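Contents: one structure, followed by commentary.
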2 protein chains.
Amino acid sequence: MTVTLADVAARAQVSPATVSRVLNGNYPVAASTRERVLRAVDDLDYVLNGPASSLAAATSDLVGILVNDIADPFFGIMAAAIQSEIGGPGGRAGGERLGVVCNTGGSPERELTYLTLLQRQRAAAVVLTGGAVEDAPHAAAVAAKLRKLGDAGTQVVLCGRPPAPDAPEAIALTFDNRGGGQQLTEHLIGLGHRRLGYIAGPEERTTTRHRLEGHRAALAAHDIEDDPRRTVHGRYDRRAGYEATLELLRRDPSLTAVVAANDTVALGACAALREAGLRIPDDVSVAGFDDLPFSIDAVPALTTVRLPLSEAGARAGRIAMGREEPPPGGIATVRGELMVRGSTGVPRV
Amino acid sequence: MTVTLADVAARAQVSPATVSRVLNGNYPVAASTRERVLRAVDDLDYVLNGPASSLAAATSDLVGILVNDIADPFFGIMAAAIQSEIGGPGGRAGGERLGVVCNTGGSPERELTYLTLLQRQRAAAVVLTGGAVEDAPHAAAVAAKLRKLGDAGTQVVLCGRPPAPDAPEAIALTFDNRGGGQQLTEHLIGLGHRRLGYIAGPEERTTTRHRLEGHRAALAAHDIEDDPRRTVHGRYDRRAGYEATLELLRRDPSLTAVVAANDTVALGACAALREAGLRIPDDVSVAGFDDLPFSIDAVPALTTVRLPLSEAGARAGRIAMGREEPPPGGIATVRGELMVRGSTGVPRV
DNA sequence: CTGTTAGCGCGTTCAG
DNA sequence: CTGAACGCGCTAACAG
């Protein structure tokens, strides 16, 4: 029923081995023979059997990309960049690699499941994006998996995620969330703000912690008390931003600025402030993080920290493919850039 | 080096076949035996070899999800919903399926490449999302691929894409883009608008064409001339919306409404109007399509057509997994819902 | 319920 | 540069 390598070989009047060689392009084959084989492939509409080929070669053309939330452009942009470097020639068997993105939904279990699935498939490489969950047992489980993947020859790259000390073979491209958070809050303090609310992401996430640490460092540097009542945790979505802002306002109506964990959350914060009859930035300044495409369209445009998501993703993809030298020590820090726009201004008097 | 099924069998003192049976859970196995096998699996830290298993079983646990733009939440939301129905038990081999999303970037070649790669992997199912490119040769090539996939036992589902007449085995969940577009423009006409600009998506895309057809149908129903100068094509991103709006304004400064191909484009349109000193909706009304999460945060909130992306995706996922009956005739139309919000109002006098 | 026996389709030695 | 032979690790009959 289904046409196999042998069928192609028969039609091209060569041995199966030769067909395999032209398909993989790893061995010298006479031009005329190659020609004949390729024609046979075309005539028969032959498609290589991936599993068989992976079994024999003990490696596959699959490259996994793990994201926390595929509906969030933050991950979408990185995933697109990574995948763009993975597709195209370079793999075995006709030269196309299959870059696939897996959505963990931020769930530790699903993260491990996907890692196992990818291990089962003997993936050529795996790229993990975004913040990690800090729960110790889970972190250890992930590190163990990464080590095993590495041992099995799978290249592991972390993109926008802190290095995993227990899995040293994983190359890490880390975002400087701490520095970015600090810059942002410094900017607000510089404008004169002293009562700043902070909407943090989910607890137990590295991204959340680092951004918050940056914020606190800035406060500390300017002798501003870090009132715990001015920090609220929530998910990385607009609704969390909306509700957290209402809560912050309830706790302290005299706030003059709200710093959000990311741009999406900031959007929710803006909505809440508007509904409360507060003007941005006249009454309350708002700042986000990431500089996603829609941030510039907010009204007023969002002050935020731009992260080079595309560039970092592309680099991670290239490293995963072995087409770029890993950074020295296997770790590189990618900095953000403060984008000052209309949503922040001097505090009301 | 790497531990195989045989190693597990030896340790559990059973035959390899038995190990396979407990792992796949397809055959009855005595509880005590199963216990012993599972312990051995655990002790040895055994992970099934996917390629080997797929080769022997002539099918894999891979399910492909094709999207046009993974950085666009429109696709992200659908992909997340599809993937959520795919993961989890149900497949062979320990019961986890690997749902993977592939980003075509809207490129016909990459679409075909991914389809071939998925065919090569003997994917269990493939879900294609979003509008199709209408170029005839390409459409034929895709249809041919889909037919071949179907013949090879791969379940093919179209989600948010029109049916492919040449590939009848593909189940289609289609969005009523035409009806939605018509509703939207009817709403504007009902408010009193007569000079409406339309920012269409890329040409040769089914989504673009259907939405535009709906718009035109509404105009025709109210005897409003369809001036071709009032329609501009562009990509599905904010920049295209921004530039197209400037162009529309240049061609006809007396426009009272702008209908955009989708919400992202509408956001760009809003930005352009604001910069031109025009108020929304007092001077110009704006409408989008899709009702993505950020649309409600636009200022003013965007009037748009809500598409049940999550629901449709989940359903597509279930159908792909054989867990839900396909619609009669293999085709179902999913309607949108008009969401009237602040960005549309009566035209200025 | 369990063991035995054959392949699944291809990559890769080794000769020639 | 090309062919022959072997085995990758697992599943699917077939017996028992």
Side-chain angles (χ1 to χ4, degrees), chain A residues 1-38 40-41 44 46-61 91-95 119-122 124 152-153, chain B residues 1-38 40-41 44-62 91-95 119-122 124 152-153:
Chain A
M1 177 64 240
T2 112
V3 26
T4 76
L5 223 181
D7 300 331
V8 177
R11 188 174 231 276
Q13 318 232 46
V14 294
S15 73
T18 302
V19 178
S20 169
R21 293 198 261 253
V22 339
L23 257 25
N24 289 298
N26 295 334
Y27 281 81
V29 173
S32 64
T33 316
R34 184 209 315 293
E35 193 74 9
R36 212 145 28 92
V37 169
L38 289 179
V41 166
L44 264 35
Y46 171 67
V47 175
L48 198 59
N49 183 318
S53 132
S54 297
L55 172 59
T59 171
S60 86
D61 281 339
R92 292 171 32 265
Q119 181 184 7
R120 178 181 294 183
Q121 300 292 338
R122 307 300 189 251
Chain B
M1 180 63 239
T2 111
V3 25
T4 76
L5 222 181
D7 300 331
V8 176
R11 187 174 230 277
Q13 318 230 45
V14 294
S15 74
T18 301
V19 178
S20 170
R21 294 198 262 253
V22 338
L23 258 24
N24 289 299
N26 295 335
Y27 280 82
V29 173
S32 63
T33 316
R34 183 208 316 294
E35 193 75 9
R36 213 145 27 93
V37 170
L38 290 178
V41 166
L44 264 33
D45 222 8
Y46 170 68
V47 175
L48 198 60
N49 183 316
S53 139
S54 297
L55 173 58
T59 170
S60 89
D61 281 339
L62 207 67
R92 293 172 31 266
Q119 180 185 7
R120 178 181 295 182
Q121 300 292 339
R122 307 300 190 248

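Just so it is clear, the model here is predicted, and its values are computed rather than measured.
No side-chain donor-acceptor contact under 3.5 Å links B:S60 to the backbone of B:S54.
Atoms CG and CD, on A:D61 and B:Q121 in that order, are 7.5 Å from each other to the nearest 0.5 Å. To the nearest 0.5 Å, the span separating CG on B:L23 from OG1 on B:T18 amounts to 11.5 Å. One finds the CG atom of B:N49 at 6.0 Å from the CG atom of A:L55 (value rounded to the nearest 0.5 Å).
A heavy-atom distance below 4.5 Å is found between the side chains of B:R36 and B:T33.
One interatomic measurement links the two molecules: CG of A:N49 to C1' of C:dG9, which rounds to 6 Å at whole-angstrom precision. Following rounding to the nearest Å, B:L5 (CG) and D:dG7 (P) show an atom-to-atom distance of 19 Å. When rounded to the nearest whole Å, the span between CG of A:L55 and C1' of C:dG7 equals 12 Å. In this structure, A:L44 places its CG atom 15 Å from C1' of C:dG9, rounding to the nearest Å. Following rounding to the nearest Å, B:D7 (CG) and D:dG9 (P) show an atom-to-atom distance of 9 Å. Going from atom CD of B:E35 over to atom C1' of C:dC1 covers 17 Å, rounded to whole Å.
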Give each protein N/O atom lying under 3.5 Å from an N/O atom of nucleotides 1-5 of chain D, with the pair distance.
from  : atom 1 : to    : atom 2 : distance (Å)
D:dT2 : OP1    : A:T33 : OG1    : 2.4
D:dT2 : OP2    : A:A30 : N      : 2.8
D:dG3 : OP2    : A:S15 : N      : 3.0
D:dG3 : OP2    : A:S15 : OG     : 3.4
D:dG3 : OP2    : A:T18 : OG1    : 2.8
D:dG3 : N7     : A:R21 : NH2    : 2.6
D:dG3 : O6     : A:R21 : NH1    : 3.3
D:dG3 : O6     : A:R21 : NH2    : 3.4

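The side chain of A:Y46 lies closest to C:dG9, out of C:dG11, C:dG9, C:dC8. Closest approach to the A:T4 side chain among C:dC10, D:dT11, C:dC8 is made by C:dC10 (side chain taken as heavy atoms from C-beta onward).
Scanning all heavy atoms of the two residues, the minimum distance from B:R34 to B:V29 falls at NH2-O, 3.6 Å.
Side-chain nitrogen and oxygen atoms of B:N24 include at least one within less than 4.0 Å of the OP1 or OP2 phosphate oxygen of D:dT11. For C:dG9, the OP1/OP2 oxygens have no side-chain nitrogen or oxygen of A:S53 closer than 4.0 Å.
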